[in-house]
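This report refers to the structure that appears directly beneath it.
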Amino acid sequence: METILAHGPYVEFAVLLMFSAAAGAVAVRLRQPVLIAYIVIGILVGPAVFGLVRAHDQINLLAEIGVTVLLFVVGLKLDLQHIRHIGPVALATGLGQLAFTIVFGFILTLVLGKGPVEAIYIAVALTFSSTIIIVKLLSDKRELDSLHGRIAVGFLIVQDLAVVLAMMTMSALRGAGAADTLEIAGSLILRLVLAALLMFLLMRYVLPRVMAAMARSQELLLIFAIAWGCGLAVIGEWAGFSKEAGAFIAGFSLASTGYREAMNARLTGIRDFMLLFFFIDLGAKLDFSTLGGEALPAVVLSLFVLIGNPLIVMAIMGFMGYRKRTGFLAGLTVAQISEFSIVFVAMGITLGHVDADALGLITLVGLVTIMLSTYMILFSQPLYERLMPWLGVFERKRPFRELEVDRPLRPEGQPQVLVFGVGRYGARLLRQLDGAGVTVMGVDFDPEAVRALAQGGLNVRFGDGEDPGLLETLPLPLPLQHTDWVVTTFPQWESNRAFLHALRVAGFGGQVAGVVRDDQHGRSLDDAGVAMVLNPFTDAADFAARWLVRDLQEKARR
């Protein structure tokens, strides 16, 4: 093996990718998040075990880009309209869980013998739950549209905002050990105000025009998104914040544009690929000679996260009038720490606030809590049935909020029909359905067509319907399963075949209509189970023939 790896970094990367793919397959088989497998691979190939990897600089660079893309995507998802609609329960639960976990986590970490600064970092890191993992698990269980699923996603967004604010705050303390606290706070507020003003001007006057120009090419849009994220990451570090905070602001500045779904869909795969190197790099850097002393703290803090965080959420939701089952299921989603927790402590090492022991401790807590909480969420119902007799303390005599909220109604704005491709045919179909009172949404990758239809008052979104990731990022009140019809106007069978597969993966159970231009394409859609095949040429010819026959018959009867 060492002889093979001696050929250079490219060979090392190839071997790493093969090992990671194999380990990821095992993790999926065990119903575990693949990031666990990546950390294990990093440990195995790192100096602690086999010492196979020598391209540390290259892997570290890819890891930094992965974190940048991750924070950019998080910012991209935080649309201002979405933030305004975060319910009071999501806000109260998110802030309450953050406050309680930080306070008790800080005290517990001090009791375990850590210093004050290290205790602050660890306590803050314990508050963040993995949005990526939770949304994936809830989606697999078809629970994203449930009451507890909607609440959980709401307070996960609160956590995502909190982690960025925490990064900005800790970055402002860089090298300020002897400085006055008031001076630090004033400097941070001034920089935040200047950054907010600059972002407002860019979002209002510059970025819309730039995005409209970039969106003429799907490839150029992707390159611009990554360039904008990396560029603001550099500026963020230069301004005294951090690369992570700069990347988040870059994504947030584009979140209100009409191109966010398309960028999000295309960046998701890149994010997952680049984060592979972050977790490998993390595993390779773990020093097992110092981790032995962190075993007891890791066990204690893991129990605090696995038990304490859900109890906090259940207590808050019970007080606000939710049933104990809803509070329990939502509470399980915070029974683990996040990849953000590891990123946050790693940033603390870069800033010189903490040492590698803190990162090792948080990584151990992450491995334990992510693995165990995954099974807790997957088997939440049997677990609830066992614990139900002891959970009555978390429920009011009359859980009034559930009587008002948990109704299986189609929310306003959920489209009954989705039309992918709004050229001449699709645009006409969109206008006719909208005029008939049908709730309909159109999707197209031509920004000019999207802009023209939007100016006409139609509900359209920019995005490449042939990109499978787009289906997961469409701004729908409920998941795709709650849409009745999907219409595809893609001209090629290959595009439709990939699109139909993506619909199945997304769990769409409604009916599909396909617009074709030749009989062979129509037969292929028929064989694929498409409910309705529309051929504009034959349909128009048949309509014209029926009209002419009817006219001739009427003349013959005169």
For [X] versus [Y], what's the shortest heavy-atom pair and its separation?
X      : Y      : value
Ala27  : Ala37  : CB-CB, 3.9 Å
Ala298 : Leu364 : CB-CB, 4.0 Å
Leu276 : Ser20  : CD1-OG, 3.4 Å
Leu267 : Ala225 : CD1-CB, 4.1 Å
Ala247 : Leu71  : CB-CB, 3.9 Å
Ala250 : Ser253 : O-OG, 2.6 Å

Within the distance-only criterion (no hydrogens, no angle test), does the side chain of [X] pair as donor or acceptor with the backbone N or O of [Y] below 3.5 angstrom?
X      : Y      : answer
Thr101 : Leu98  : no
Ser380 : Met376 : no
Asn309 : Val334 : yes
Ser341 : Ile337 : no
Arg271 : Val69  : no
Gln336 : Ser373 : no

Pairwise side-chain contact, [X] with [Y], heavy-atom cut-off 4.5 Å (strictly under):
X      : Y      : result
Val28  : Val34  : yes
Leu359 : Val354 : no
Leu254 : Phe72  : yes
Trp228 : Leu232 : yes
Leu44  : Phe19  : no
Met211 : Met263 : yes
Leu201 : Val206 : no
Val15  : Glu12  : no

Derivation of the side chain to side chain contact (heavy atoms under 4.5 Å, CB included) call for Val313 and Phe328: CA-CA 8 Å; Val313 170; Phe328 177 80; over 6 Å; no
Gln159 side chain to Gln97 side chain, donor-acceptor N/O pair below 3.5 angstrom: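 Gln159 vs Gln97: donor-acceptor pair found between side chains.
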Enclosure of [X] [atom1] (heavy-atom neighbours >12, cutoff 6.0 Å):
X      : atom1 : value
His501 : NE2   : no
Phe13  : CZ    : yes
Met371 : CE    : no

Measuring from [X]:[atom1] to [Y]:[atom2], what's the distance to the nearest 0.5 Å?
X      : Y      : atom1 : atom2 : answer
Ile223 : Arg266 : CD1   : CZ    : 10.5 Å
Lys243 : Glu237 : NZ    : CD    : 4.0 Å
Ile377 : Thr333 : CD1   : OG1   : 6.5 Å
Met274 : Leu61  : CE    : CG    : 7.5 Å
Leu112 : Leu296 : CG    : CG    : 6.5 Å
Leu383 : Leu332 : CG    : CG    : 6.5 Å

Proximity of Phe104 and Phe304 rings by center, below 6.0 Å: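 No, ring centres 6.0 Å or more apart.
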Output field: ring centroids Tyr38/Phe278 closer than 6.0 Å: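 No; Phe278 has its ring centre 6.0 Å or more from that of Tyr38.
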Set of salt bridge (charged side-chain N to carboxylate O under 4.0 Å, His left out) partners for Arg497, sequence neighbours left out: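 Checked Arg497 against salt bridge (charged side-chain N to carboxylate O under 4.0 Å, His left out); zero matches.
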Phe224 vs Val210, side chain to side chain contact (heavy atoms under 4.5 Å, CB included): CA-CA, chis, key distance, verdict: CA-CA 10 Å; Phe224 171 76; Val210 173; 3.8 Å; yes
Describe, in one word, how the ring planes of [X] and [Y] are oriented to each other, choosing from parallel (under 30°), tilted (30 to 60°) and perpendicular (over 60°).
X      : Y      : value
Phe344 : Phe128 : perpendicular
Tyr259 : Phe462 : perpendicular
Phe252 : Phe248 : parallel

Candidate list Val305, Ile39, Ile36, test side chain to side chain contact (heavy atoms under 4.5 Å, CB included), partner Ile370, passing option: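 Testing Ile370 for a side chain to side chain contact (heavy atoms under 4.5 Å, CB included) against Val305, Ile39, Ile36 leaves exactly one candidate, Ile36.
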Matching residue for Ile122 among Leu361, Val365, Leu108 - test: side chain to side chain contact (heavy atoms under 4.5 Å, CB included):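 When Leu361, Val365, Leu108 are each tested with Ile122, the side chain to side chain contact (heavy atoms under 4.5 Å, CB included) holds only for Leu361.
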